[in-house]
Amino acid sequence: MNEPGHDAEYLGYRHPEYALSLAEFGRPRALPLSGGWVLERPIAHARQRDAMGLYPLFHCRDWDALPDDLAGLRRDGLVSLVMVTDPLLDDRQRGAFRHFDLARRFKTHYLSELDAPPERIASRHHRYYARKAARNLEVDVPAAPLAHLDEWCGLYAALVARHGIGDLRAFSREGFRRVLSMPGVILYRALEHGRTVGAQIVLLQGEVAFAHLAAFTDEGYRQGASYLLDWAALEHLRGRAARINWGGGTGLEADDASGLAGYKQGWATARADAYLLGAVLDRDAYESLSGTGEQPDSAYFPSYRAGEFA
């Protein structure tokens, strides 16, 4: 298993391999001063390019240096930059928001602080279903996650088909190969009589474990495999990370009423908000692409890409 030592610093979403895992959807571009990554993308029916932070969250080493990286993107003629922030920023880091044209609350993320055993973290409902799933399923945490690449891709392809995902979130086999090769990646597998019925990828990044993606077979859903895998993560990560970020709800601006958000609340001991940031780097080009009178605080940023994540 890829387990951290006491002084290990895993990069997670800041790792170059993670940026390269999304290379089919844009050109990975390092921000040299802040230590973050973005995807530089061509704009359909135009000769310009813009950039987006890596999905699902933008992370960087130094938020104070981000304005200088924005200036570099502006000098290179990019039209705009959009990103969703790490929800665990402090007040000083959020000071960089003033350099953006748009900064608004985007999603609530649900966190488990790993200073207590799972029995004290999980809700009564989730404890019940985790115990129920454990009657028929067992958990495997393989030492070499990459060895299960084909299995994971099969599970995730079924999820993509079930939900009709056709955008960046469909990912690719090559992208998953890169992710499962990263240091600090953990794969949790739910097995029924030796057959995999679900799996979850977790990325370690400093003191935070990010529940990156999970996928299940129909039988895995029926057996409640998600409850068992999340319970296993709570047990396994205690002492390896300070907290788990389970992410937020579904959709672009999900609220606490969504089914997935409600599920994640059952594991949460805390919550924090991620923000949507948008910077207009070339105002003339932005207004030309968006149409007369469009403003950067409209419902979707950049407005000329509205609908790309249906």
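Note that the structure is predicted; figures quoted are calculated from it, not measured.
- In summary, R189 and E151 engage in a salt bridge, as defined by a charged side-chain N under 4.0 Å from a carboxylate O.
- If you run side-chain contact (heavy atoms from CB on, under 4.5 Å) between M52 and each of V82, L22, V84, only V82 comes through.
- Between the side chains of R271 and Q265, at least one donor N or O lies within less than 3.5 Å of an accepting N or O.
- Side-chain contact, H236 with Y188: a donor N or O sits under 3.5 Å from an acceptor N or O.
- No side-chain N or O of N136 forms a donor-acceptor pair with one of E192 less than 3.5 Å apart.
- Y110 and N245 are not linked by any side-chain donor-acceptor pair at a separation below 3.5 angstrom, with hydrogens and angles left out of the test.
- The closest side-chain heavy-atom distance from F171 to E24 is not below 4.5 Å.
- Side-chain contact annotation: S34 with D62, donor-acceptor N/O pair under 3.5 Å absent.
- At a threshold of 4.0 Å, the pair D64-R92 counts as salt-bridged, since one of the basic side-chain nitrogens sits closer than that to a carboxylate oxygen.
- Using a 4.0 Å cut-off between charged nitrogen and carboxylate oxygen, D218 and R162 count as a salt-bridge pair.
- Ion pairing between R283 and D101 holds under the 4.0 Å rule for side-chain N and carboxylate O.
- Other residues sharing the hydrophobic cluster of L31, ordered by chain and number and joined by side-chain separations under 4.5 Å: V38, F58, W63, L66, L70, L73, L78, L81, M83, L89, F97, F100, Y275, L277, L281.
- With rounding to the nearest 0.5 angstrom, the NZ atom of K264 is 11.0 Å from the OG atom of S226.
- In the model, H212 has a side-chain atom that pairs as donor or acceptor with a side-chain atom of Y13 under 3.5 Å.
- In this model, no donor atom of one side chain and acceptor atom of the other lie less than 3.5 Å apart for T269 and E113.
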